[in-house]
Amino acid sequence: VSGDVPTLALFNRVANTMAAMTLAYTPRTAAESDQVAWNRVLGYAEKGITRDFGVVGDATSWYSMMLGYNIPNWIVTDMRLMNRMDPQLPPKFHGHPDDLKLSTNPAADRRIATDWRHLGVAIGAAERGIFMLSPWYHNRYGYHAYLTNTTFTGVIPYILKAENDLLIAEALVRTNGDRAQAATLINNTRVGRGGLPPVSAGTATLELLRAIDYERDVELLNTNGFTLFHARHWEGGPLDRLQEGTWLHLPIPAKELETLQLPVYTFGGVGKPAM
(Lines give C-alpha, C1' and ligand atoms only; values in the text may rest on other atoms or scores of the structure.)
Protein backbone atom coordinates (compact mmCIF):
# COMPACT_ATOMS: atom_id res chain seq x y z
CA VAL A 1 0.00 0.00 0.00
CA SER A 2 1.41 3.38 -0.97
CA GLY A 3 2.99 5.12 2.00
CA ASP A 4 1.09 3.08 4.57
CA VAL A 5 1.50 -0.06 6.61
CA PRO A 6 -1.66 -2.12 5.83
CA THR A 7 -3.17 -2.09 9.32
CA LEU A 8 -6.66 -3.09 10.40
CA ALA A 9 -7.38 0.59 11.12
CA LEU A 10 -6.49 1.50 7.54
CA PHE A 11 -8.63 -1.24 6.05
CA ASN A 12 -11.48 -0.17 8.32
CA ARG A 13 -11.30 3.29 6.76
CA VAL A 14 -11.27 1.79 3.27
CA ALA A 15 -14.30 -0.35 4.15
CA ASN A 16 -16.19 2.71 5.41
CA THR A 17 -15.47 4.58 2.19
CA MET A 18 -16.68 1.59 0.18
CA ALA A 19 -19.86 1.38 2.24
CA ALA A 20 -20.54 5.05 1.52
CA MET A 21 -19.86 4.46 -2.20
CA THR A 22 -22.25 1.49 -2.27
CA LEU A 23 -25.11 3.52 -0.82
CA ALA A 24 -24.45 6.61 -2.94
CA TYR A 25 -23.78 4.95 -6.29
CA THR A 26 -26.34 2.12 -6.32
CA PRO A 27 -29.27 4.39 -7.37
CA ARG A 28 -30.03 4.27 -11.09
CA THR A 29 -32.01 7.49 -11.29
CA ALA A 30 -32.25 10.86 -9.57
CA ALA A 31 -35.54 9.72 -8.01
CA GLU A 32 -33.82 6.70 -6.46
CA SER A 33 -30.98 8.93 -5.24
CA ASP A 34 -33.50 11.05 -3.37
CA GLN A 35 -34.48 7.95 -1.39
CA VAL A 36 -30.92 7.18 -0.22
CA ALA A 37 -30.24 7.47 3.51
CA TRP A 38 -27.67 10.22 2.98
CA ASN A 39 -27.11 10.53 6.71
CA ARG A 40 -25.76 6.96 6.58
CA VAL A 41 -23.55 7.88 3.62
CA LEU A 42 -22.21 10.77 5.66
CA GLY A 43 -21.60 8.57 8.69
CA TYR A 44 -19.60 6.04 6.69
CA ALA A 45 -17.66 8.63 4.67
CA GLU A 46 -16.67 10.62 7.76
CA LYS A 47 -14.99 7.42 8.99
CA GLY A 48 -13.46 6.80 5.57
CA ILE A 49 -10.02 7.38 4.10
CA THR A 50 -8.19 10.63 4.80
CA ARG A 51 -5.55 10.30 2.08
CA ASP A 52 -5.18 8.50 -1.24
CA PHE A 53 -5.25 4.73 -0.96
CA GLY A 54 -3.23 2.96 -3.63
CA VAL A 55 -1.07 0.04 -4.53
CA VAL A 56 2.57 0.01 -5.64
CA GLY A 57 2.68 -1.77 -8.98
CA ASP A 58 5.43 -4.34 -9.34
CA ALA A 59 4.55 -5.59 -12.85
CA THR A 60 4.12 -9.11 -11.45
CA SER A 61 1.55 -9.46 -8.70
CA TRP A 62 0.26 -5.90 -8.30
CA TYR A 63 -0.76 -3.77 -11.26
CA SER A 64 -3.77 -2.20 -12.96
CA MET A 65 -4.95 -3.54 -16.31
CA MET A 66 -7.17 -0.48 -16.71
CA LEU A 67 -4.20 1.88 -16.46
CA GLY A 68 -1.74 -0.51 -18.07
CA TYR A 69 -3.70 -0.60 -21.30
CA ASN A 70 -4.72 3.04 -21.22
CA ILE A 71 -2.45 3.88 -24.17
CA PRO A 72 -2.92 6.65 -26.78
CA ASN A 73 -3.73 4.45 -29.76
CA TRP A 74 -6.28 2.44 -27.75
CA ILE A 75 -8.09 4.79 -25.38
CA VAL A 76 -8.70 8.51 -25.77
CA THR A 77 -10.88 10.92 -23.81
CA ASP A 78 -14.34 11.72 -25.12
CA MET A 79 -14.60 15.28 -26.41
CA ARG A 80 -17.63 15.66 -24.13
CA LEU A 81 -15.33 15.80 -21.11
CA MET A 82 -12.78 18.06 -22.81
CA ASN A 83 -15.60 20.49 -23.63
CA ARG A 84 -16.70 20.36 -20.02
CA MET A 85 -13.23 21.44 -18.90
CA ASP A 86 -12.90 24.03 -21.66
CA PRO A 87 -16.18 25.14 -23.31
CA GLN A 88 -14.14 26.54 -26.21
CA LEU A 89 -13.35 22.96 -27.27
CA PRO A 90 -16.01 21.15 -29.33
CA PRO A 91 -18.20 18.63 -27.48
CA LYS A 92 -17.92 16.10 -30.32
CA PHE A 93 -15.50 15.33 -33.12
CA HIS A 94 -16.99 16.18 -36.52
CA GLY A 95 -13.94 15.99 -38.77
CA HIS A 96 -13.46 19.77 -38.83
CA PRO A 97 -9.93 21.17 -38.32
CA ASP A 98 -11.17 23.04 -35.24
CA ASP A 99 -11.82 19.66 -33.60
CA LEU A 100 -8.05 19.26 -33.30
CA LYS A 101 -7.28 22.59 -31.70
CA LEU A 102 -5.36 22.95 -28.46
CA SER A 103 -6.89 24.44 -25.34
CA THR A 104 -5.76 28.07 -25.07
CA ASN A 105 -8.58 29.30 -22.85
CA PRO A 106 -7.09 30.91 -19.69
CA ALA A 107 -10.33 30.13 -17.84
CA ALA A 108 -10.13 26.42 -18.63
CA ASP A 109 -9.45 23.74 -16.06
CA ARG A 110 -5.67 23.61 -15.42
CA ARG A 111 -5.81 19.83 -15.34
CA ILE A 112 -6.02 19.82 -19.15
CA ALA A 113 -2.34 20.78 -19.12
CA THR A 114 -1.25 18.54 -16.23
CA ASP A 115 -3.33 15.38 -16.74
CA TRP A 116 -3.85 15.23 -20.52
CA ARG A 117 -1.78 15.04 -23.68
CA HIS A 118 -2.89 16.51 -26.99
CA LEU A 119 -1.99 13.93 -29.65
CA GLY A 120 -2.34 16.27 -32.62
CA VAL A 121 -4.41 13.81 -34.63
CA ALA A 122 -7.79 12.18 -34.14
CA ILE A 123 -7.46 8.68 -32.67
CA GLY A 124 -10.12 6.03 -33.13
CA ALA A 125 -11.85 3.92 -35.75
CA ALA A 126 -13.92 6.22 -37.97
CA GLU A 127 -16.11 3.30 -39.06
CA ARG A 128 -17.37 3.04 -35.47
CA GLY A 129 -18.57 6.63 -35.62
CA ILE A 130 -16.51 9.72 -36.25
CA PHE A 131 -18.08 11.29 -33.18
CA MET A 132 -16.06 8.83 -31.07
CA LEU A 133 -12.72 10.18 -32.29
CA SER A 134 -10.60 12.47 -30.12
CA PRO A 135 -7.08 13.95 -30.06
CA TRP A 136 -6.96 13.95 -26.23
CA TYR A 137 -5.35 11.26 -24.08
CA HIS A 138 -5.55 11.04 -20.28
CA ASN A 139 -1.93 10.79 -19.15
CA ARG A 140 -2.13 11.36 -15.40
CA TYR A 141 -1.10 7.76 -14.75
CA GLY A 142 0.79 7.29 -17.99
CA TYR A 143 3.85 5.95 -16.20
CA HIS A 144 1.95 2.69 -15.55
CA ALA A 145 0.96 2.21 -19.18
CA TYR A 146 2.01 -0.59 -21.49
CA LEU A 147 4.98 0.13 -23.79
CA THR A 148 6.64 2.53 -21.34
CA ASN A 149 9.90 1.98 -19.47
CA THR A 150 7.92 1.73 -16.23
CA THR A 151 5.14 -0.58 -17.46
CA PHE A 152 2.82 -1.79 -14.66
CA THR A 153 4.96 -0.17 -11.95
CA GLY A 154 4.62 2.84 -9.68
CA VAL A 155 1.84 3.93 -7.36
CA ILE A 156 -1.61 3.27 -8.79
CA PRO A 157 -4.82 4.62 -7.23
CA TYR A 158 -7.34 2.30 -5.68
CA ILE A 159 -9.49 4.97 -4.04
CA LEU A 160 -8.51 8.63 -4.01
CA LYS A 161 -9.14 10.87 -1.02
CA ALA A 162 -11.15 13.03 -3.42
CA GLU A 163 -13.65 10.18 -3.83
CA ASN A 164 -14.35 10.21 -0.11
CA ASP A 165 -14.31 14.02 0.09
CA LEU A 166 -16.97 14.26 -2.60
CA LEU A 167 -19.13 11.64 -0.88
CA ILE A 168 -19.03 13.73 2.31
CA ALA A 169 -19.77 16.89 0.33
CA GLU A 170 -22.79 15.40 -1.45
CA ALA A 171 -24.14 13.94 1.78
CA LEU A 172 -23.76 17.30 3.56
CA VAL A 173 -25.58 19.14 0.76
CA ARG A 174 -28.38 16.58 0.60
CA THR A 175 -28.91 16.55 4.39
CA ASN A 176 -28.74 20.35 4.79
CA GLY A 177 -25.50 19.96 6.70
CA ASP A 178 -22.41 22.16 6.86
CA ARG A 179 -22.33 23.73 3.40
CA ALA A 180 -19.08 25.55 4.14
CA GLN A 181 -17.40 22.20 4.81
CA ALA A 182 -18.94 20.78 1.63
CA ALA A 183 -17.56 23.70 -0.37
CA THR A 184 -14.09 23.25 1.13
CA LEU A 185 -14.06 19.57 0.20
CA ILE A 186 -15.12 20.36 -3.37
CA ASN A 187 -12.54 23.14 -3.67
CA ASN A 188 -9.72 20.83 -2.57
CA THR A 189 -9.42 19.63 -6.15
CA ARG A 190 -11.61 22.15 -8.01
CA VAL A 191 -9.36 25.05 -6.99
CA GLY A 192 -6.26 23.22 -5.78
CA ARG A 193 -5.64 21.30 -9.01
CA GLY A 194 -8.17 22.74 -11.41
CA GLY A 195 -7.60 26.44 -10.76
CA LEU A 196 -11.34 27.04 -11.15
CA PRO A 197 -13.41 29.63 -9.26
CA PRO A 198 -14.27 28.33 -5.78
CA VAL A 199 -17.74 27.39 -4.63
CA SER A 200 -18.93 28.53 -1.22
CA ALA A 201 -21.58 27.94 1.41
CA GLY A 202 -23.70 30.50 -0.42
CA THR A 203 -23.53 28.68 -3.75
CA ALA A 204 -26.95 27.39 -4.85
CA THR A 205 -27.64 23.75 -4.00
CA LEU A 206 -27.91 22.68 -7.63
CA GLU A 207 -24.58 24.33 -8.45
CA LEU A 208 -22.88 22.64 -5.50
CA LEU A 209 -24.15 19.27 -6.74
CA ARG A 210 -23.05 20.17 -10.26
CA ALA A 211 -19.56 20.99 -8.96
CA ILE A 212 -19.44 17.61 -7.17
CA ASP A 213 -20.44 15.82 -10.37
CA TYR A 214 -17.82 17.75 -12.34
CA GLU A 215 -15.03 16.81 -9.93
CA ARG A 216 -16.01 13.15 -10.12
CA ASP A 217 -15.96 13.34 -13.91
CA VAL A 218 -12.52 14.98 -14.08
CA GLU A 219 -10.56 14.21 -10.92
CA LEU A 220 -11.58 10.56 -10.54
CA LEU A 221 -11.12 9.58 -14.18
CA ASN A 222 -9.31 6.23 -14.52
CA THR A 223 -9.17 5.64 -10.78
CA ASN A 224 -12.10 3.21 -10.67
CA GLY A 225 -14.88 1.72 -12.75
CA PHE A 226 -17.64 3.88 -11.31
CA THR A 227 -17.96 6.61 -13.97
CA LEU A 228 -21.36 5.30 -15.11
CA PHE A 229 -22.54 4.93 -11.52
CA HIS A 230 -21.53 8.52 -10.76
CA ALA A 231 -23.55 9.71 -13.74
CA ARG A 232 -26.64 7.53 -13.58
CA HIS A 233 -27.64 8.62 -10.07
CA TRP A 234 -28.54 12.00 -11.65
CA GLU A 235 -30.62 10.35 -14.40
CA GLY A 236 -33.96 12.07 -15.01
CA GLY A 237 -33.07 15.04 -12.80
CA PRO A 238 -31.70 18.53 -13.54
CA LEU A 239 -28.11 17.20 -13.62
CA ASP A 240 -28.92 14.37 -16.06
CA ARG A 241 -25.97 14.04 -18.47
CA LEU A 242 -26.13 10.46 -19.78
CA GLN A 243 -26.42 10.07 -23.53
CA GLU A 244 -29.81 8.94 -24.76
CA GLY A 245 -30.14 5.19 -24.72
CA THR A 246 -27.48 4.56 -22.06
CA TRP A 247 -28.34 1.44 -20.08
CA LEU A 248 -28.83 2.05 -16.38
CA HIS A 249 -28.52 -1.51 -15.11
CA LEU A 250 -27.04 -4.75 -16.45
CA PRO A 251 -29.73 -7.39 -17.03
CA ILE A 252 -29.19 -11.10 -16.46
CA PRO A 253 -27.16 -12.36 -19.49
CA ALA A 254 -29.32 -13.52 -22.39
CA LYS A 255 -27.78 -17.02 -22.44
CA GLU A 256 -28.68 -17.53 -18.80
CA LEU A 257 -32.22 -16.29 -19.42
CA GLU A 258 -32.56 -18.74 -22.32
CA THR A 259 -31.26 -21.59 -20.13
CA LEU A 260 -33.86 -20.70 -17.51
CA GLN A 261 -36.49 -20.32 -20.25
CA LEU A 262 -37.18 -16.76 -19.20
CA PRO A 263 -37.90 -13.85 -21.57
CA VAL A 264 -34.95 -11.76 -22.69
CA TYR A 265 -35.17 -8.21 -21.42
CA THR A 266 -33.10 -5.04 -21.22
CA PHE A 267 -32.63 -1.94 -19.10
CA GLY A 268 -32.63 1.29 -21.07
CA GLY A 269 -32.14 1.86 -24.78
CA VAL A 270 -33.22 4.69 -27.05
CA GLY A 271 -36.84 5.61 -26.44
CA LYS A 272 -37.20 3.21 -23.52
CA PRO A 273 -37.74 4.17 -19.91
CA ALA A 274 -35.57 2.99 -17.05
CA MET A 275 -37.47 -0.28 -16.64
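For clarity, every value in this text was computed on a predicted model and none was experimentally measured. Scope of the values below: all heavy atoms of this structure, side chains included, with no hydrogens, waters or symmetry mates.
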Taking [atom1] in [X] as the centre, count heavy atoms belonging to other residues, nucleotides or ligands within less than 6.0 Å. Is the count above 12?
{"X": "Leu8", "atom1": "CG", "answer": "no"}
{"X": "Met132", "atom1": "CE", "answer": "no"}
{"X": "Tyr44", "atom1": "OH", "answer": "no"}
{"X": "Glu127", "atom1": "CD", "answer": "yes"}
{"X": "Tyr63", "atom1": "OH", "answer": "no"}

Hey, any chance [X] and [Y] share a hydrophobic cluster, counting ILVMFWY side chains that come within less than 4.5 Å of each other, even indirectly?
{"X": "Val14", "Y": "Met21", "answer": "yes"}
{"X": "Leu221", "Y": "Ile212", "answer": "no"}
{"X": "Leu100", "Y": "Leu81", "answer": "yes"}
{"X": "Met79", "Y": "Ile130", "answer": "yes"}
{"X": "Leu209", "Y": "Ile186", "answer": "yes"}

Determine yes or no for a side-chain-to-main-chain donor-acceptor pair under 3.5 angstrom, with [X] supplying the side chain and [Y] the backbone.
{"X": "Asp99", "Y": "Gly95", "result": "yes"}
{"X": "Thr22", "Y": "Met18", "result": "yes"}
{"X": "Glu170", "Y": "Leu166", "result": "no"}
{"X": "Arg84", "Y": "Val218", "result": "no"}
{"X": "Thr150", "Y": "Thr153", "result": "no"}
{"X": "Asp86", "Y": "Met82", "result": "no"}
{"X": "Thr17", "Y": "Ile49", "result": "yes"}
{"X": "Thr259", "Y": "Lys255", "result": "yes"}
{"X": "Arg110", "Y": "Gly192", "result": "yes"}
{"X": "Asn187", "Y": "Pro198", "result": "no"}

4.5 Å side-chain heavy-atom contact, [X] and [Y]:
{"X": "Ile159", "Y": "Asn164", "answer": "no"}
{"X": "Asp78", "Y": "Ser134", "answer": "no"}
{"X": "Leu228", "Y": "Leu242", "answer": "yes"}
{"X": "Asn222", "Y": "Pro157", "answer": "no"}

Donor-acceptor side-chain pairing of [X] and [Y] below 3.5 angstrom:
{"X": "Trp234", "Y": "Ser33", "answer": "no"}
{"X": "Arg216", "Y": "His230", "answer": "no"}
{"X": "Asn149", "Y": "Tyr143", "answer": "no"}
{"X": "Glu215", "Y": "Thr189", "answer": "yes"}
{"X": "Thr205", "Y": "Arg179", "answer": "yes"}
{"X": "Asn39", "Y": "Thr175", "answer": "no"}

Nearest 0.5 angstrom please: [X] [atom1] to [Y] [atom2], how far?
{"X": "Leu67", "Y": "Arg140", "atom1": "CG", "atom2": "CZ", "value": "10.5 Å"}
{"X": "Leu185", "Y": "Ile168", "atom1": "CG", "atom2": "CD1", "value": "5.5 Å"}
{"X": "Ile75", "Y": "Tyr137", "atom1": "CD1", "atom2": "OH", "value": "8.5 Å"}
{"X": "Thr50", "Y": "Arg13", "atom1": "OG1", "atom2": "CZ", "value": "5.0 Å"}
{"X": "Ser64", "Y": "Ile156", "atom1": "OG", "atom2": "CD1", "value": "5.0 Å"}
{"X": "Asp115", "Y": "Met85", "atom1": "CG", "atom2": "CE", "value": "8.0 Å"}

Among all residues two or more places apart in sequence or in another chain, which pass the salt bridge (charged side-chain N to carboxylate O under 4.0 Å, His left out) test with Glu258?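 Glu258: no salt bridge (charged side-chain N to carboxylate O under 4.0 Å, His left out) contacts found.
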
Residues in salt bridge (charged side-chain N to carboxylate O under 4.0 Å, His left out) contact with Arg210, at least two apart in sequence or another chain: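 Result, salt bridge (charged side-chain N to carboxylate O under 4.0 Å, His left out) vs Arg210: Glu207.
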
Is it the case that the ring center of Trp74 lies less than 6.0 angstrom away from the ring center of Tyr69?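 Yes, the ring of Tyr69 comes within the 6.0 Å limit of the ring of Trp74, centre to centre.
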
I want to know whether Phe131 and Phe93 have ring centres closer than 6.0 Å.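 Phe131 vs Phe93: aromatic centres not under 6.0 Å.
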
Among Arg190, Arg111, Arg241, the one residue meeting salt bridge (charged side-chain N to carboxylate O under 4.0 Å, His left out) with Asp217: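 Answer to the salt bridge (charged side-chain N to carboxylate O under 4.0 Å, His left out) test with Asp217 among Arg190, Arg111, Arg241: Arg241.
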
List the steps and the verdict of side chain to side chain contact (heavy atoms under 4.5 Å, CB included) for Leu196 and Tyr214. CA-CA 11 Å; Leu196 297 171; Tyr214 176 86; 3.6 Å; yes

Over 60° means perpendicular and under 30° means parallel, so classify the ring planes of His233 and Trp38, tilted if in between.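 Rings of Trp38 and His233: tilted, as their planes differ by 30° to 60°.
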
Would you please name every residue forming a ring-ring contact (aromatic ring centres under 6.0 Å, His included) with Trp136, sequence neighbours left out?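 His118.
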
